[in-house]
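What follows is a single structure, written as structure tokens, with notes after it.
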Amino acid sequence: MLTKSFFEGKTVEELANALLGCELVHKTPEGITAGIIVETESYHETDEASHSYKYRSKRNEIMFGPPGHAYVYFTYGMHWCFNVVAENEGIGAGVLIRALEPTQGIELMKKRRHKQNLVELCNGPAKLTQALSITRKDYGKTLYGGDLYITSPKLKDFKIAFGPRVGISKAQDKPWRFWIRDNPFVSGSRPKKKLD
DNA sequence: TGAGTGATTGACT
DNA sequence: GTCAATCACTCAT
């Protein structure tokens, strides 16, 4: 498991890179589900597309807190998305986890997702929260020492690709999306632009 | 107090 | 390719 110091002293972009290849684990009464992080996006308070841009609210408050916590938000009336809070307390920044490669609790994920195809379990930000059962109750939790945590890198020797982010209407030119090159579990089956 | 918008997905044409 | 589902939050009355 990673320690608190892993999240400290990094810019949000550095953290987004460092999280690739790490395993995100969630222990629940139903069992353990986990997957390797294969795609991330960084968001900063100076970024127009970020929830922490300009305004601090009850919803994004945790992004301004100390790093290494979970920022979980509800959007489009039906979907949860999961972020890792980054940078020092007082700065609103976070890393959106967009896709996982399933590793543990695959049968449980299939049950939660009502899908059998391994690729379709976690290849999208709202899909992985459903597969790992991450909801508002996980808002603000630390990602070191609890039931929801991140491990040290499981993968090595992979190449990191980067490019514009997906699904936003502002700051689309910023190359703040990072993913593991040639990994089939990366999302973006339907980005507006073809990036790779 | 209420209209407008969104870091999405899945079903349907 | 197009569109509905449906809630939290922002911003303008």
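Just so we're on the same page: letters track the sequence lines, and every chain starts at 1. All values below come from the heavy atoms of this structure, side chains included, with hydrogens, waters and symmetry mates left out. In this text, all values refer to a predicted model and were calculated from it rather than measured experimentally.
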Rounded to whole Å, CG of A/Leu121 lies from P of B/dG10 at a distance of 11 Å
Here the distance between atom P of C/dA8 and atom OH of A/Tyr71, to the nearest Å, is 13 Å
Re B/dA7: Watson-Crick or G-U wobble partner, both distances kept under 3.5 Å, found to be none
Pairing partner of C/dT6, by Watson-Crick or G-U wobble and under 3.5 Å for both distances, is none
Please give the distance between the P atoms of C/dG1 and B/dA7 as a whole number of Å. 22 Å
In whole angstroms, the gap separating C1' of C/dA8 from CZ of A/Arg59 amounts to 6 Å
Rounded to whole Å, the CZ-P distance (A/Phe74 to C/dA5) equals 15 Å
Establish whether A/Trp176 and A/Phe7 are linked, either directly or via other cluster members, by ILVMFWY side-chain heavy-atom contacts under 4.5 Å. no
Ring stacking, A/Tyr43 with base of B/dA7, under 5.5 Å and under 30°? yes
Ranking A/Arg136 and A/Tyr76 by the position along DNA chain C of their nearest nucleotide, the one closer to 5' is A/Tyr76
>> With a 4.0 Å cutoff (strictly under), does any side-chain N or O of A/Lys170 reach OP1 or OP2 of B/dT5?
In response: no
Mind checking A/Asn83 for me? I need base, sugar-phosphate or nothing, with any heavy atom below 4.0 Å counting as a touch. base
Do the side chain of A/Glu87 and the main chain of A/Ala93 share a donor and acceptor less than 3.5 angstrom apart?
no
- Task: Answer yes or no: is there a donor N or O on one side and an acceptor on the other, between the side chain of A/Arg165 and the main chain of A/Arg177, under 3.5 Å?
- Result: no
Result for 5'-nearest mapping on DNA chain B, choosing between A/Arg113 and A/Ser169, is A/Ser169
What residues 44-57 of chain A contributes to the DNA chain B interface at heavy-atom separation below 4.0 Å is A/Ala49, A/His51
Picking from B/dT8, B/dA7, B/dG10, the nucleotide nearest the side-chain atoms of A/Ile168 would be B/dA7
A/Gln172 atom CD is separated from B/dG6 atom P, nearest whole Å, by 10 Å
**OP:** Kindly determine whether A/Ile97 and A/Glu41 satisfy side-chain contact (heavy atoms from CB on, under 4.5 Å), including the steps that lead there.
**Re:** CA-CA 7 Å; A/Ile97 307 300; A/Glu41 283 180 5; over 6 Å; no
Tested for side-chain contact (heavy atoms from CB on, under 4.5 Å) against A/Leu148, the lone hit among A/Ile134, A/Val72, A/Thr142 is A/Ile134
Rounded to whole Å, CG of A/Asn60 lies from C1' of C/dC9 at a distance of 10 Å
Single-linkage hydrophobic cluster, 4.5 Å side-chain cutoff, A/Val25 and A/Val85 together:
no
Side-chain contact check for A/His79: nearest option of C/dC7, B/dT8, B/dA7 is B/dT8
For A/Ser57, is there any backbone N or O sitting under 3.5 Å from a side-chain donor or acceptor partner on A/Asn60?
yes
**Asked** Is any side-chain nitrogen or oxygen of A/Arg98 closer than 4.0 Å to OP1 or OP2 of B/dT8?
**Response** yes
Separation of C/dT6 atom C1' from A/Met78 atom CE, nearest Å, is 7 Å
Inset, instruction - Step by step, work out the ring pair (Phe, Tyr, Trp, His ring centres under 6.0 Å) result for A/His51 and A/Tyr73. - result: CA-CA 10 Å; A/His51 288 166; A/Tyr73 69 91; 4.6 Å; yes
Rounded to whole Å, OH of A/Tyr73 lies from C1' of B/dT5 at a distance of 13 Å
